Amino acid sequence: MMSMIRVFVYGTLKTGEPNYHYMVDAANGVARFVGKARTVDRWPLVVASKYNIPFLLDLRGQGERVEGEIYDVDQKMADFLDDFESHPKLYQNTKIVIEQLTNEEDHDLGDGKVTHQCSAYLLKNFKPHMAELPCLSNYSSHGVAGVNAYMESDDLTDAKDLDPG
Ligand code: PCA
């Protein structure tokens with residue numbers, strides 16, 4: 001079998017979120033759902049920039065355990081995602097430890113939970129005030145009570161002007 005790369009998504013690439021369609025577009029490569037998951041460690045998941053983009057800040061031990069989904073992707077999809085997330089200019093593709101909670105049919109693994117090293121898109125260079133923002137455990141593009149809802153942007157590199165306002 002072709003060697004696959006295990007990816008943890010926590011933001012707009014999750015099922016039902018605005019960029020999920022890229023994960024299931026065969027033109028971008030192959031992504032096979034492995035299961036729902038959450039980080040073993042706490043990480044700050046914040047929403048920032050004028051587009052309300054989700055960012056996992058590279059500050060392990062702060063914030064909450066973050067929920068998301070694991071996918072096994074082929075090299076083509078991995079390259080697509082790196083490009084789409086502007087790695088390494090904006091996010092940095094980084095290996096972190098993830099606990100798998102459900103199987104590919106989304107059935108709870110019960111006592112059989114397993115951990116994996118997964119690639120995830122972290123933000124390493126950020127303004128200090130981003131670390132003071134409220135931390136989420138489960139991102140939704142709808143925001144919390146309608147505040148901080150995600151805005152579509154054609155050009156993610158705009159987010160470099162990371163001003164959470
Ligand atoms: N896309 C990637 C990183 C943040 C985002 O919106 C993800 O969903 O994991």
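Note that ligands are numbered from 1 as they come in the structure, with each ligand's atoms numbered from 1 the same way. Everything quoted here is computed from the prediction, not taken from an experiment. In what follows, residues are counted from 1 in the order of the sequence shown.
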Legend entry - Between D82 and Y121, a side-chain donor and acceptor under 3.5 Å: yes

Inset, instruction - Could you find the nearest protein heavy atom to atom 8 (O) of ligand 1 and give me its residue, atom name and distance? - result: G11 N, 2.8 Å

Legend entry - Which residue and heavy atom of the protein sit nearest atom 9 (O) of ligand 1, plus the separation: Y10 N, 2.9 Å

Inset, instruction - Any atoms of ligand 1 less than 4.0 Å from a non-hydrogen atom of T12? List them with their elements. - result: 1 (N), 5 (C), 6 (O), 8 (O)

Legend entry - Hydrophobic cluster identity match, I70 and L101, side-chain contacts under 4.5 Å: no

Inset, instruction - Name the orientation class of the two ring planes belonging to Y22 and F84 (parallel below 30°, tilted from 30 to 60°, perpendicular beyond 60°). - result: tilted

Inset, instruction - Salt-bridge test for R65 and E99: reply yes if a basic N is under 4.0 Å from a carboxylate O, no otherwise. - result: yes

Legend entry - V9 N/O under 3.5 Å from ligand 1 N/O: no

Legend entry - Qualifying residue, where the test is side chain to side chain donor-acceptor pair (under 3.5 Å) with K36 and the options are D108, D106, T102: D106

Inset, instruction - Among all protein heavy atoms, pick out the one at the shortest distance from atom 1 (N) of ligand 1; state its residue, atom name and that distance to 0.1 Å. - result: E85 OE2, 3.0 Å

Inset, instruction - Record the part of Y91 in heavy-atom contact with ligand 1 below 4.0 Å; permitted values are side chain, backbone, both and neither. - result: side chain

